[in-house]
There are 2 protein chains.
Amino acid sequence: MHVVVPFAADTPKTRLIPALGPRERDVFARAMLEDVLAAVRGTGREPTVLATDEVDVDVPVLVDDRPLSTAVNAVLASRAGPVAVVMADLPLTTPESLEALFSTEADVVLVPGRGGGTNALVSRHPEFRVDYHGASYLDHRRVAREVGADLETVDSFRLSTDVDEPADLVEVTLHGGDRSREFLEGAGFTLEADGGRVRLERDPQ
Amino acid sequence: MHVVVPFAADTPKTRLIPALGPRERDVFARAMLEDVLAAVRGTGREPTVLATDEVDVDVPVLVDDRPLSTAVNAVLASRAGPVAVVMADLPLTTPESLEALFSTEADVVLVPGRGGGTNALVSRHPEFRVDYHGASYLDHRRVAREVGADLETVDSFRLSTDVDEPADLVEVTLHGGDRSREFLEGAGFTLEADGGRVRLERDPQ
């Protein structure tokens, strides 16, 4: 299976602006990417980073500065065998959660993200294409039906937890990969219980 | 396995106040409870509702008006065999996700909730006790270690998605059980894409 990890090399994670500065967002996005790459390698597979610009990682990088969906569809169109697309902002990813995705045998296998996104997928159907805009999980289900692909969904908290907004950071501290979690700890984030869900607070620096 | 579903019969879901009125919160909490009970029954098991007051459901109800942790620990102390505790605010629960929990063989099996909670668990250890206050997922891991219980965690988006806050409602519309989803549709909530995650908006009524 060809495993692609798309990565926005230029303006990563702008919705984390309230919590992290520009340089921090860059370092944190890279830490999350490295955690995802390590999890893919943990399944015995070699990931390819599909990046908007050159990025310094120790796996193959394919640079394509077109919009995300266009770049991913170019990969899907160019490969004969199965392709997996795993987003780079999934720092809770483990080899076990990815193996559950990779081993699910359907033409199209989807992992929904929070808020209707598609965090990871496998396509074994030559006509399946992506559109990550809006409620992509619903759109991808519709596209799979339209091209006659049979469809499965993988139920994984780890793969469904994309880190986009400050409230998501608490999941990284609780369950995240080493690099992402250690970055947040080093940046002064600590768990605070306020009666409802636990939240992160940041020490004054 | 004895399956207990705790339910706050009196003041349900106060953190949904910005989105739903008092009567609506009551009806929605009941709809989520019914979706969870249906999923438990779908595994071939008969759930018991552990409620703070009488509640009209077609399964056995155990009334205990003490705090949640105290009431659950009384159940754990009273049973010799395995006990599952599944929260009532998990409207994405399916028989399949519950079966993954029930069939995981460890002394203590945990499903984390968003923000460090514990959405569901199985205890097969006579000394394991719960404390749902604060980051209960971390506390329950510690308690399991302290009593010498071996521990597993189940990775399920469906079981990890507790519905506490208005932003959670979108997951119900996208992936929820029939009763909960139909309640929100009937209340005028519709999906709106705003560039990031899809969110719910409510029609003026």
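Below, each value reflects all heavy atoms present in this structure, side chains not excepted, and no hydrogens, waters or symmetry copies. Letters A, B, ... are given to chains in the order of the sequence lines, protein chains preceding strands, and every chain is numbered from 1.
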**Message:** Looking at every heavy atom in both Val122(A) and Ala84(A), which two are closest together, and how far apart are they?
**Reply:** CG2-CB, 3.9 Å

**Prompt:** Under 3.5 Å, side chain of Thr94(B) to main-chain N/O of Ser97(B), donor-acceptor pair present?
**Reply:** yes

**Asked** Between the side chain of Asp150(A) and the main-chain N/O of Ala106(A), is any donor-acceptor distance below 3.5 Å?
**Response** no

**Prompt:** Do you know which of Val83(B), Asp107(B), Val143(B), Asn73(B) makes side chain to side chain contact (heavy atoms under 4.5 Å, CB included) with Phe128(B)?
**Reply:** Val143(B)

**Prompt:** Do side-chain atoms of Thr52(A) reach the backbone of Ala9(A) as a donor and acceptor pair under 3.5 angstrom?
**Reply:** yes

**Lys/Arg-Asp/Glu bridge criterion (N-O < 4.0 Å) met for Arg45(B), Glu99(B)** = yes

**Prompt:** Of all of Asp155(B), Leu191(B), Leu138(B), Thr153(B), which one pairs up most often with chain A through heavy atoms under 4.5 Å apart?
**Reply:** Asp155(B)

**Request:** Compare every heavy atom of Ala74(B) with every heavy atom of Asp64(B), then report the nearest pair and how far apart it is.
**Result:** OD2-CB, 4.5 Å

**Request:** Start with the C-alpha distance between Leu76(B) and Arg129(B), add both sets of side-chain angles, then the distance that settles side-chain contact (heavy atoms from CB on, under 4.5 Å), and finish with yes or no.
**Result:** CA-CA 7 Å; Leu76(B) 291 173; Arg129(B) 295 294 179 269; 4.1 Å; yes

**Request:** Determine whether more than 12 heavy atoms belonging to other residues, nucleotides or ligands lie under 6.0 Å from atom CD of Glu46(A).
**Result:** yes

**Complete:** Within residues 160-175 of chain B, contacts to chain A at heavy-atom distances under 4.5 Å involve Ser160(B), Asp162(B), Asp164(B), Glu165(B), Asp168(B), Val170(B), Glu171(B), Leu174(B), His175(B)

**Asked** If contact means a heavy atom pair closer than 4.5 Å, which residues of residues 27-42 of chain B contact chain A?
**Response** none

**Asked** Okay, side chain of His125(B), backbone of Val147(B): is any donor-acceptor separation there less than 3.5 Å?
**Response** yes

